[in-house]
Amino acid sequence: MKKSGQLNHQPAHLIDIMPTFIELSGGKYPTEYGDRNIKPMEGISLIPVFRGKKIKREAPIFWEHEGNRAVRDGDWK
């Protein structure tokens, strides 16, 4: 399905960029580095959106910017 030049109104956030790039590259997010555990990756891949599908989040998006805070869960803000 061609999605070029179309807007998509599904909510996404900066934390979704890394999962998207990792999936695009075929990479794997590490769980440890040396003897240290790495914090689990946050966010979800946006590849389904590029393919015209809906994304499913298991949890709401939370963020804070310059003292302002918000929560987004589907259409609810």
Side-chain angles (χ1 to χ4, degrees):
M1 174 185 292
K2 185 177 178 183
K3 297 303 289 179
S4 179
Q6 296 180 12
L7 292 176
N8 187 297
H9 296 281
Q10 295 182 75
H13 193 265
L14 184 63
I15 62 172
D16 299 324
I17 300 298
M18 182 180 280
T20 303
F21 286 167
I22 289 176
E23 183 176 343
L24 281 171
S25 69
K28 184 181 174 202
Y29 187 78
T31 57
E32 57 185 38
Y33 180 76
D35 61 346
R36 294 182 173 183
N37 290 332
I38 296 176
K39 183 177 177 180
M41 183 168 50
E42 297 182 65
I44 61 170
S45 173
L46 299 175
I47 299 298
V49 176
F50 303 152
R51 295 183 177 147
K53 298 178 182 175
K54 294 204 177 261
I55 52 177
K56 285 192 158 196
R57 289 193 186 272
E58 294 182 17
I61 304 170
F62 296 88
W63 69 92
E64 181 274 332
H65 180 69
E66 296 182 354
N68 300 298
R69 293 170 290 283
V71 176
R72 179 78 189 244
D73 191 6
D75 290 337
W76 292 90
K77 296 181 189 176

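These numbers were taken from a predicted model, which means no experiment stands behind them.
- The backbone N or O of I55 sits less than 3.5 Å from a side-chain atom of Q10, completing a donor-acceptor pair.
- Linking ILVMFWY side-chain heavy atoms closer than 4.5 Å, directly or via other members, places L14 and V49 in a single hydrophobic cluster.
- Heavy-atom minimum distance, R57 versus A12: NH2-CA, 3.6 Å.
- G74 and P11 make their closest contact through O-CG, 3.9 Å (heavy atoms, listed as atom of the first residue, atom of the second, distance).
- Atoms CG and NZ, from N8 and K53 in turn, are 13.5 Å apart once rounded to the nearest 0.5 Å.
- L46 and T20 get closest at one heavy-atom pair: N-OG1, 2.8 Å.
- The list of side-chain hydrogen bond (donor to acceptor under 3.5 Å, both in side chains) pairs with a residue in residues 21-33, not counting sequence neighbours, reads E23-S45.
- Under a hydrophobic-cluster definition in which Ile, Leu, Val, Met, Phe, Trp and Tyr are linked whenever side-chain heavy atoms come within less than 4.5 Å, directly or via other members, I47 and M41 are assigned to different clusters.
- Applying the 4.5 Å side-chain rule to ILVMFWY residues, one finds W63 in the same cluster as I61.
- Under a 3.5 Å cut-off, the side chain of D16 and the backbone N or O of I44 do form a donor-acceptor pair.
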